[in-house]
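To start, the structure under review is shown below, and the notes come after it.
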Amino acid sequence: MTWRMRCVSILQVTLLLAEEQLDVEQLMEVDEDCGEGECALHALQVRGKRLASESAQSRHSLSARQVPSYYCLYQPWLPMCMAQPQQSPSAKQLPSGTPSGFCQMYPWSPYCIQPTAPVASPSAGYIPPVQPQYSAPQAPQYAPQYVPQSTAPMSQLRLTRRGGLDPPAKVDTYNGGAWEVLKLPGKRSMHFFALGDWGGLLGTGYAPMIQYRSGQTPGPHTMARWRGPCKTDKMIACFAGDTCEQSCHYDPQVDRQAQVLVATQMKKRAAQSQPDFIVNVGDNFYWGGINTECGTPMNQISAVTQQQFTEIFEKIYGGPGLDGKPWLSVLGNHDWGGYQFNKAGAERGTQQRWTPRQLVYTPLPIAYTWASDRWRLPALYWMQRVEYPDLDFSAEIFMIDSNAMDVKPMHADPEHNICGQLHNPTNARCDATGGPANLKDCFSWMWSLWREQKKWVQQKLTESNANWQIVATHFNCGHEAQWYKELHQKYGLDLLITGHTHDQQVYHESGMLGGLTCFITGGGGGITSEADPSHPKSNQYGFFDISITKQQILLESINYRGETLGKYAVRPKARAL
């Protein structure tokens with residue numbers, strides 16, 4: 001492996017040594033995916049130990065010779081990055097050695113945002129027309145209203161055998177398993193949809209999630225989040241009906257009801273395309289997944305779970321062409337607990353912080369599989385074979401969990417770390433249902449899960465006799481790029497479906513991925529999009545309609561207005577093995 005391929009793991013190892021005082025033997029258990037001949041793991045870890053020792057005198061220094069110049073764009077929480085002088089945002093200041101296409105992948109990075117002209121006067125701010133202006137300086141503050149599991153009753157839903165599988169004892173019972181084959185007869189045009197990052201906040205019920213004024217009403221509410229230079233607290237003010245800064249590019253007619261707008265276009269297209277299933281790439285429920293703590297037995301569904309699924313999923317995605325269609329699903333980082341957001345206060349500098357529970361790893365999105373005719377998430381990673389007998393072809397879809405990409409050592413990047421110490425309870429544990437045993441175990445548990453999946457995918461691709469091989473996962477095109485490149489060129493992977501970035505993008509025959517086509521469908525509307533959604537042909541909220549034949553997969557990107565943004569053809573890739 002090259003230095004660039006391994007730099008993330010090496011620096012994570014270094015950080016562990018520096019902050020946890022682990023020895024080399026312990027680290028051999030943390031990072032073990034280097035096989036013989038691939039890299040000198042022992043030497044790298046010893047080098048990390050030396051760096052940690054050197055950093056004892058100057059904790060916030062590593063030379064440019066030791067760290068790639070572009071690395072701090074990806075990992076700004078590392079000590080050596082936090083000590084670097086801050087520069088004014090400008091695309092011209094990208095450090096030398098930055099991978100090509102960085103700003104295409106991360107347009108919201110401070111290095112990629114083009115500086116704008118200074119605002120002439122405070123009048124540039126505007127008030128959303130559909131919201132009243134509140135003049136009271138002490139606006140009510142909203143924080144998560146969590147009702148402990150013991151006070152919420154169990155629902156009347158019953159779990160029964162489905163897909164050839166009995167309800168599991170733990171979330172990992174069926175890891176690497178296969179749901180029963182989906183056979184689709186007929187010679188019509190065959191379609192499926194793809195969607196991600198769609199599940200808005202539920203403001204009512206046993207465990208409401210209220211982020212801003214008016215969010216305490218039924219139905220999905222878009223989670224407010226930073227957009228470019230507009231910080232999250234400023235975006236919350238926009239949603240709350242307070243003065244909204246122009247830099248937020250907030251469109252109340254779109255942003256406030258984004259999930260419903262996308263779902264409406266899905267319904268319209270479904271009546272025509274008649275999709276056979278939906279590939280769902282996660283972030284199913286904002287802001288932190290099912291709003292209960294882990295530990296609920298796998299053979300029960302709580303009323304909290306039923307309410308979220310009913311209001312945010314079942315009632316939103318239905319109608320001719322969608323009713324009864326299976327949702328092949330994975331978990332997103334928010335389904336694992338999310339991260340922290342700032343709560344806007346009455347005045348600048350008086351903001352309150354409110355935090356979703358992290359590592360609340362609940363089994364309920366998985367358990368719901370055995371209570372639903374549509375929801376299909378039987379394990380953390382699993383596969384679905386689809387056969388088209390009258391058209392003489394088949395596809396295998398490998399659903400994998402890539403959320404280790406949002407897992408760092410427990411002291412690092414507390415605002416974007418599923419396993420962070422700052423926002424997790426000290427006694428957090430989820431081993432009763434198959435998750436991490438404790439907070440310290442979380443980092444190694446998640447990365448071990450990722451390594452396990454990588455081996456599984458390679459084995460399954462080697463064994464596959466299907467005409468098409470597809471991987472669906474949450475994290476966007478660009479994570480583990482070298483591995484996906486290998487999957488395409490050596491193992492014949494045909495298509496990668498992702499989300500996480502909150503818009504719609506297509507990397508057609510991507511050079512970064514060795515010719516593999518990857519697309520992002522993170523514009524489902526559960527959270528604020530990356531950029532202004534009001535532009536013509538906006539790609540900020542939407543979904544994909546995908547037609548499939550033996551010879552070709554055709555991707556069609558559709559936005560929240562129902563406009564087609566582009567069509568991209570994918571051809572099958574032969575295995576090199």
Side-chain angles (χ1 to χ4, degrees), residues 76-77 86 89 106-110 112-113 116 125-128 131 134 139-145 197-203 208-216 220-252 254-259 283 285-289 332-334 336-358 406 413-418 420 422-423 500-503 522-533 540-541:
W77 58 84
Q86 299 297 313
Y106 302 97
W108 54 89
S109 167
C112 302
I113 299 171
T116 57
Y126 68 94
I127 306 301
Q131 292 293 317
Y134 292 89
Q141 302 295 322
Y142 292 100
Q145 302 176 23
D197 303 75
W198 49 269
L201 306 176
L202 179 60
M209 291 165 286
I210 303 170
Q211 189 187 19
Y212 44 79
R213 187 185 297 109
S214 80
Q216 72 278 11
H221 298 273
T222 309
M223 192 181 87
R225 170 186 175 270
W226 56 268
R227 174 181 280 163
C230 173
K231 302 302 182 183
T232 296
D233 59 337
K234 303 301 182 185
M235 186 63 78
I236 289 175
C238 297
F239 276 84
D242 296 328
T243 299
C244 183
E245 292 190 359
Q246 193 172 28
S247 64
C248 295
H249 296 286
Y250 173 68
D251 187 335
V254 179
D255 289 316
R256 287 191 66 86
Q257 52 183 340
Q259 181 185 352
D283 273 6
F285 297 102
Y286 286 101
W287 56 70
N333 58 306
H334 282 267
W336 281 86
Y339 53 95
Q340 178 179 9
F341 303 91
N342 291 337
K343 179 76 172 73
E347 298 176 348
R348 180 180 297 226
T350 62
Q351 61 187 12
Q352 292 185 349
R353 289 176 176 252
W354 48 275
T355 308
R357 297 174 319 285
Q358 296 195 343
D406 206 26
D413 191 24
E415 312 306 331
H416 305 85
N417 186 357
I418 292 172
L422 181 61
H423 301 305
H500 190 63
T501 301
H502 307 125
D503 59 16
I527 187 171
T528 310
S529 64
E530 303 293 344
D532 186 349
Q540 293 304 296
Y541 296 115

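What you see below is based on every heavy atom in this structure, not just the backbone, and it leaves out hydrogens, waters and symmetry mates.
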*Are H221 and Y212 close enough that some pair of their side-chain heavy atoms sits under 4.5 Å apart?*
yes
*Return yes if some donor-acceptor pair links the side-chain N/O of T501 with the main-chain N/O of D503 below 3.5 Å, else return no.*
no
*R227 vs P533 side-chain heavy atoms within contact, under 4.5 Å*: yes
*Does R256 reach the main-chain N or O of T222 with its side chain, forming a donor-acceptor pair under 3.5 Å?*
no
_Side chain proximity check, F239 to T528, heavy atoms < 4.5 angstrom_ = yes
*Shortest non-hydrogen contact from A237 to T243?*
CB-O, 3.9 Å
*Between R213 and A240, which heavy-atom pair has the shortest distance, and what is it?*
NH1-O, 2.9 Å
*If you round to the nearest 0.5 Å, how far is CG of D251 from CD of Q257?*
9.5 Å
*Without swapping roles, check the side chain of Q211 against the backbone of I236 for a donor-acceptor pair under 3.5 Å.*
no
*For the atom pair CD (E245) and SG (C230), what is the distance rounded to the nearest 0.5 Å?*
6.5 Å
_Pairwise side-chain contact, W287 with I527, heavy-atom cut-off 4.5 Å (strictly under)_ = no
*Could you pull out the closest heavy-atom pair between P220 and G200, with the gap in Å?*
CB-CA, 4.3 Å
*Distance-minimising heavy-atom pair for Y286 and W198*: CE1-N, 4.3 Å
_Under the side chain to side chain contact (heavy atoms under 4.5 Å, CB included) test, residues paired with H500 that sit two or more places apart_ = N333, H474, F475, N476
*Output yes when a side-chain donor or acceptor of R225 lies under 3.5 Å from a complementary backbone atom of T232, and no otherwise.*
no
*Y541 side, atom OH; Q259 side, atom CD - distance, nearest 0.5 Å*: 11.0 Å
*Looking only at heavy atoms, what is the nearest atom pair of G203 and P208, with distance?*
O-CB, 3.3 Å
*Using atom types as modelled and distance alone, determine if a side-chain donor or acceptor of Q540 lies under 3.5 Å from a backbone N or O of E530.*
yes
*Is there a donor-acceptor contact under 3.5 Å from the side chain of D283 to the main chain of H334?*
yes
*asked:* How about C248 and C238 - are their SG atoms less than 2.5 Å from one another?
replied: no
